Amino acid sequence: MSTDPPTVYYLAPDFDIPSWGNGALYNHVDLLNKNGIKAAIIHHKSPFRYTWFESTTKIVYLDDPSLRINENDFLIVPEVNVVDEIPKKIKCRKILFIQNVFIILTRLDKAYNFNDLGYESSIVTMPHMKKVVELNYGVNASVIPVAIAPYFFIKETELHNERSKSVFLFHKNVYKQLGQLDYDILTKILNRSFAKNTKKLLGVISRQDKSKWHIVEMKDKTHHEVANLMKASSFFVCVNTLEGFNVAVPE
C-alpha cells in the first residue's frame, strides 16, 4: 500500500449536458485542492471536459495508461454510477455521492445495501437525506450542502431593475417518467392565462407594459445564460417535488 497522502478522485459522466449535479463534482474537487488535499475529476476519455460552465478543475482520464489509483486513495462515485463496472474495477476506498435519494432506485434492479457494494460511507446534500440513506441503504452519511456559483447572485444595486414578463421553468424528463405531471399541468395553466391577457399571475398583479407574459424553459443553455435569465425573469417556479429547492435550482 502506498505511503503517499491519499488523492480524492471524483468520477464524472462523459456527457456535456448542463447539470449542476455534475458541476458540484467539479466544485468539490476545486475546494479540496484549495485546502491542500489532492483531488481530481475522473473522466473516461481524453480530452473530455464540460463546456457549459467555465472551470480550471484538474481532470484525469481513465484511458490514460499512466493513471495510477492507489488502494488508500478515495473514489467518490455519483449515485447514478453506484453499480457500474468502473467503480467495481477501481481498487481503492469508495464513497457514494448522493444528490437525489428519491429516484435512485429507478436506476437499480433492486434495493441494495451500499456497504455490501464496497462503499464505506456516503455524502449527501441535505439533512433529511442523511436519515433516508442511513435507514435504507446501509451506509453512514455526511451532509455537504450544494454550492451555488457566485454569478447567480444579483448585485444589490440591481435588485429593483425592470424585469421581463417571463416565468422561468425547470424540468427533468425523469420526473414525467415517474408519473409527476406538475410541469405539464403548470405550463398549460400559465399559457391559458397568458392567452387571456390576465392581469394576475400566481396571485401577483402584473405591471402594465407592452411586453407579454411568456414561459422560458431552462434547457440548452450554459450556466451563465441560466444565471442571467434568472436575474431577468419575474418568476422562477420550481415544480420539482422530488428533491429539495437548493438541489434543483442552481442546476
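Values in this document were obtained by computation on a predicted structure and should not be read as measured data.
- Atoms CE and CE, on M230 and M218 in that order, are 5.0 Å from each other to the nearest 0.5 Å.
- Note that CD1 of I76 and CG of N81 are 12.5 Å apart. Values are rounded to the nearest 0.5 Å.
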Quiz item: Between K89 and E85, does a salt bridge (Lys or Arg N to Asp or Glu O under 4.0 Å) hold up when you go through it step by step?
Solution: CA-CA 6 Å; K89 291 179 179 179; E85 286 301 314; 5.3 Å; no
Practice problem: Starting from the C-alpha separation in whole Å, work towards a yes-or-no answer on side-chain contact (heavy atoms from CB on, under 4.5 Å) for H214 and S166. | Solution: CA-CA 5 Å; H214 60 283; S166 57; 3.3 Å; yes
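- One distance of note links CD1 of I189 with CG of D184; it measures 11.0 Å at 0.5 Å rounding.
- In terms of heavy atoms, P5 sits closest to D73 at O-OD1, 4.5 Å.
- For the atom pair CZ of F114 and CD1 of I104, the computed distance is 3.5 Å after rounding to the nearest 0.5 Å.
- Contact record, N136 with V132: ND2-O, 2.8 Å, taken as the closest heavy-atom pair.
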Quiz item: Step by step, would you call V143 with T125 a side-chain contact (heavy atoms from CB on, under 4.5 Å)?
Solution: CA-CA 5 Å; V143 180; T125 54; over 6 Å; no
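- Aromatic pair Y61/H44: centroids not less than 6.0 angstrom apart.
- Using a 4.5 Å heavy-atom cutoff, the side chains of L169 and L186 are in contact.
- For the pair N22/P13, a side-chain contact is recorded, criterion being any heavy-atom separation below 4.5 Å from C-beta on.
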Quiz item: Going through the distances and angles, do F194 and I215 end up as a side-chain contact (heavy atoms from CB on, under 4.5 Å)?
Solution: CA-CA 9 Å; F194 299 159; I215 291 172; 3.7 Å; yes
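- Counting only heavy atoms from C-beta outward, the side chains of V133 and V139 approach each other to under 4.5 Å.
- Summarising the local packing, NZ of K221 is surrounded by more than 12 heavy atoms from other residues, nucleotides or ligands at distances under 6.0 Å.
- Donor-acceptor pairing under 3.5 Å is recorded for the side chains of D16 and T51.
- Within the 4.5 Å cutoff, side-chain heavy atoms of E79 are placed close to those of N100.
- When hydrophobic clusters are built by joining Ile, Leu, Val, Met, Phe, Trp and Tyr residues whose side-chain heavy atoms come closer than 4.5 Å, directly or via intermediates, V83 is not grouped with V80.
- Contact annotation: the side chain of L105 never approaches that of Y112 to less than 4.5 Å [non-hydrogen atoms, C-beta and beyond].
- Ring planes of H223 and W52: perpendicular class, angle over 60° (limits at 30 and 60°).
- Both L25 and I37 are part of a single hydrophobic cluster, where members link through side-chain heavy atoms under 4.5 Å apart.
- In terms of modelled atom types and a separation under 3.5 Å, the side chain of Y9 and the main chain of V77 share no donor-acceptor contact.
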Quiz item: Are I69 and I42 close enough, and set up right, to give a side-chain contact (heavy atoms from CB on, under 4.5 Å), and what steps lead you there?
Solution: CA-CA 11 Å; I69 300 178; I42 292 183; 3.8 Å; yes
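- Using modelled atom types, no side-chain atom of D84 and backbone atom of I86 make a donor-acceptor pair closer than 3.5 Å.
- Nearest heavy-atom pair across A24 and Q99 is CB-OE1, 3.9 Å.
- The nearest pair of heavy atoms linking I95 to E120 is CG1-CG, 4.4 Å.
- Using a 4.5 Å heavy-atom cutoff, the side chains of L62 and I90 are in contact.
- Considering CD1 of I17 and OH of Y50, their distance stands at 9.5 Å, rounded to 0.5 Å.
- Residue I123 holds its CD1 atom at 9.0 Å from CG of L96, rounded to the nearest 0.5 Å.
- Side-chain heavy atoms closer than 4.5 Å link hydrophobic residues (I, L, V, M, F, W, Y) into clusters, and following such links, possibly through other members, connects F153 to F53.
- The backbone N or O of C92 lies less than 3.5 Å from no partner atom in the side chain of N72, so there is not a single donor-acceptor pair.
- Clustering ILVMFWY residues whenever any of their side-chain heavy atoms sit less than 4.5 angstrom apart, transitively, puts I148 in the very cluster that holds W20.
- The minimum heavy-atom distance linking Y26 with H43 is given by the pair OH-NE2, 2.9 Å.
- For Y10 and H28, the ring centers are positioned less than 6.0 Å apart.
- Residues L31 and I144 do not share a hydrophobic cluster, defined by chaining ILVMFWY side chains whose heavy atoms lie under 4.5 Å apart.
- Considering only heavy atoms from C-beta on, R163 comes within 4.5 Å of S234 through its side chain.
- Contact check for F168 versus V237: no side-chain heavy atoms found under the 4.5 Å cut-off.
- One N or O on the side chain of K231 and one on the backbone of Y151 form a donor-acceptor pair closer than 3.5 Å.
- Heavy atoms from other residues, nucleotides or ligands lying under 6.0 Å from CD of E158 number more than 12.
- N27 places no side-chain N or O within donor-acceptor distance of the main-chain N or O of G23, the cut-off being under 3.5 Å.
- Heavy-atom minimum distance, D63 versus S46: OD2-N, 3.1 Å.
- With no hydrogens or angles considered, no side-chain donor-acceptor pair links T57 and R49 at under 3.5 Å.
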